[in-house]
Amino acid sequence: MTVEPPLAWRPLTLALLALVFAVNFMDRQIVAILAEPIKRELELSDAQVGLLYGLAFGVVYSAAGIPLARWADRANRATVISACLALFSVMTMACGLAAGYVQLVLARIGVALGEGGTNPASHSLIADLYPEARRGTAMALFALGPNAGILLAFAFGGAIGQAWGWRAALVAMGAAGLALAALTAWLLEDAPRSAARAPLPGTLAQCLRELLARRSLRHLLLAVIPVSITAYAAIGWLPAFLIRSHGMGTAAAGGALALLLGVLGGIGTLAGGVLADRLGARNPAWRLRVVAAGFALTLPLWPAALLVSDKTLALAFLALPCAVLCFYLAPTFAAVQSLATPGTRALAAALFIMIGSVAGLGIGPLAVGLLSDALRPGYGTDSLRLAMLLIVPLLAWSAAHYHLAGRSLAADLARR
């Protein structure tokens with residue numbers, strides 16, 4: 001029987017979950033800053049790098065998420081999180097020991113298998129710790145994990161990679177994850193589930209039908225697809241873009257992006273959750289419309305950042321887009337957990353993570369890599385910036401669906 005932790009444990013639990021999310025994202029994104037040295041040593045094309053970073057990871061990550069979420073909806077969520085963290089940390093270290101491309105891809109698949117289990121269980125645990133009125137802010141603090149993970153991957157991973165090589169960087173990142181796994185096994189505790197006596201739906205299909213019956217969730221799914229493609233493609237290829245188009249070194253590019261995506265991105269992620277809670281208190285639609293407004297604001301800045309030839313201007317134009325890139329995470333996570341019933345919360349999180357991962361990791365980096373390879377004969381090193389430019393309009397599609405999801409959110413919450 002799970003014993004309810006005291007209120008003082010809520011901040012500690014949230015901090016541990018955010019750290020797990022940070023290490024999850026650090027191990028996921030470390031390949032992006034190391035892509036150029038990996039490509040040179042293993043003699044890879046941009047498409048092969050995109051496959052390694054994206055599709056090979058995204059498909060397994062998505063497929064593993066559903067059964068691991070079903071396990072988390074029934075079992076001790078703290079145990080699920082600690083075990084999955086230990087697994088993907090070991091496999092990150094294995095990536096650094098890979099002898100060739102095939103072994104690197106297989107180890108990367110192992111990373112994806114472990115990472116598929118931490119987020120759904122974390123979402124469900126946070127939803128049981130924080131009421132709906134405070135859930136957006138709690139999810140925003142949790143969603144700082146990706147920004148912290150990018151900062152660690154790009155700043156420390158880039159510096160270690162430049163000083164001692166990409167293999168040493170991967171081993172170091174994996175070792176840090178194992179240390180955190182030991183800490184979570186010691187300190188992290190599960191919490192009682194809301195409406196604990198409510199029966200779970202009998203089958204996976206019944207769970208999915210229950211979730212997809214809500215119009216706002218359907219629009220959220222359609223919104224997450226394009227923004228995931230854009231976000232993962234941008235995070236995955238911005239380091240190579242700065243190195244190729246602006247002549248920056250691995251450590252310099254990593255440091256710049258650690259500031260843009262880690263620090264400024266973290267401010268934007270936190271602002272997304274706080275604004276969703278405050279504006280949503282007056283009008284529930286703004287819990288999601290705030291994301292649409294943020295994307296619309298940054299749409300013109302992406303082409304400017306990708307097309308200017310001056311490095312300083314490019315980094316300046318990237319500041320606001322990078323700050324808003326993960327703006328959607330907290331409002332989306334909070335809305336999904338508020339709309340799902342207690343018995344399907346981990347599954348609901350896994351469904352959205354699956355869709356976002358298949359689209360974002362599976363399509364985004366690989367599509368940019370294929371486009372870059374196709375454009376290289378005519379455009380040389382500019383092929384990558386042009387390939388990235390072609391995915392920017394997807395943010396407009398995402399903004400439209402966030403607006404529509406906000407329109408039906410209040411009615412769906414009432415029906416739930």
| said: Tell me whether the NZ or CZ atom of Arg28 lies within the 45° cone about the ring axis of Tyr61 and under 6.0 Å from its centre. | reply: yes

| request: Apply the test side-chain contact (heavy atoms from CB on, under 4.5 Å) to residues Ile33 and Trp166: give CA-CA distance (whole Å), side-chain angles for both, the deciding distance (0.1 Å), then the verdict. | output: CA-CA 9 Å; Ile33 194 62; Trp166 63 270; over 6 Å; no

Salt-bridge present ([X], [Y]; N to O < 4.0 Å):
X      : Y      : answer
Asp382 : Arg376 : no
Arg167 : Glu41  : yes
Arg218 : Asp412 : no

If we only count heavy atoms from C-beta on, is the [X] to [Y] side-chain gap below 4.5 Å?
X      : Y      : value
Leu297 : Leu320 : yes
Leu261 : Leu151 : no
Met93  : Leu178 : yes
Leu125 : Thr13  : yes
Leu389 : Pro303 : yes
Val80  : Asn76  : no
Leu370 : Asp46  : no
Leu14  : Ile126 : yes

| request: Show your working on side-chain contact (heavy atoms from CB on, under 4.5 Å) between Tyr232 and Ile229 and close with a plain yes or no. | output: CA-CA 6 Å; Tyr232 277 110; Ile229 293 172; over 6 Å; no

Rounded to the nearest 0.5 Å, how far apart are [atom1] of [X] and [atom2] of [Y]?
X      : Y      : atom1 : atom2 : value
Leu384 : Leu242 : CG    : CG    : 9.5 Å
Ile355 : Leu221 : CD1   : CG    : 5.5 Å
Arg214 : Leu409 : CZ    : CG    : 11.0 Å
Ser383 : Met388 : OG    : CE    : 11.5 Å
Leu404 : Leu220 : CG    : CG    : 10.5 Å
Leu113 : Leu68  : CG    : CG    : 7.0 Å

So which atom in [X] and which in [Y] form the shortest heavy-atom distance, rounded to 0.1 Å?
X      : Y      : result
Gly114 : Cys84  : O-CB, 3.1 Å
Leu104 : Cys95  : CD1-O, 3.4 Å
Ala112 : Phe57  : CB-O, 3.2 Å
His403 : Ala292 : N-CB, 4.0 Å
Ala305 : Phe241 : O-CZ, 3.9 Å
Gly265 : Asn147 : C-ND2, 3.0 Å

| field | Phe156 atom CZ: more than 12 heavy-atom contacts under 6.0 Å | value | no

| request: For atom CZ of Arg215, decide whether the heavy atoms of other residues, nucleotides or ligands shown that lie under 6.0 angstrom number more than 12. | output: no

| task | Output every pair passing side chain to side chain donor-acceptor pair (under 3.5 Å) with a member in residues 294-318, not counting sequence neighbours, ordered by first then second residue. | result | none

Do any N or O atoms from the side chain of [X] and from the backbone of [Y] form a donor-acceptor pair under 3.5 angstrom?
X      : Y      : value
Arg108 : Leu52  : yes
Trp237 : Pro365 : yes
Ser124 : Ala121 : no
Ser372 : Val368 : no
Tyr101 : Gln48  : yes

| message | Walk me through whether Gln29 and Tyr53 qualify under side chain to side chain donor-acceptor pair (under 3.5 Å). | response | CA-CA 8 Å; Gln29 299 300 333; Tyr53 170 73; 2.5 Å; yes

| said: Please report whether the ring centroid of Phe142 lies less than 6.0 Å from that of His123. | reply: yes

| message | Between Ser398 and Tyr328, is the side chain to side chain donor-acceptor pair (under 3.5 Å) condition met? List the steps. | response | CA-CA 10 Å; Ser398 181; Tyr328 72 100; over 6 Å; no

| query | Which of parallel (below 30°), tilted (30 to 60°) and perpendicular (above 60°) describes His401 and His219? | reply | tilted

| message | Can you classify the ring geometry of Phe21 versus Phe333 as parallel (below 30°), tilted (30 to 60°) or perpendicular (above 60°)? | response | tilted

| request: Decide yes or no on side-chain contact (heavy atoms from CB on, under 4.5 Å) for Arg77 and Asp128, but give the supporting numbers first. | output: CA-CA 11 Å; Arg77 291 166 290 192; Asp128 283 330; 2.8 Å; yes

| said: Could you walk me through whether Leu325 and Thr269 satisfy the side-chain contact (heavy atoms from CB on, under 4.5 Å) test, starting with their C-alpha distance in whole Å, then the side-chain angles of each, then the deciding distance to 0.1 Å, before giving a yes or no? | reply: CA-CA 8 Å; Leu325 193 60; Thr269 299; over 6 Å; no

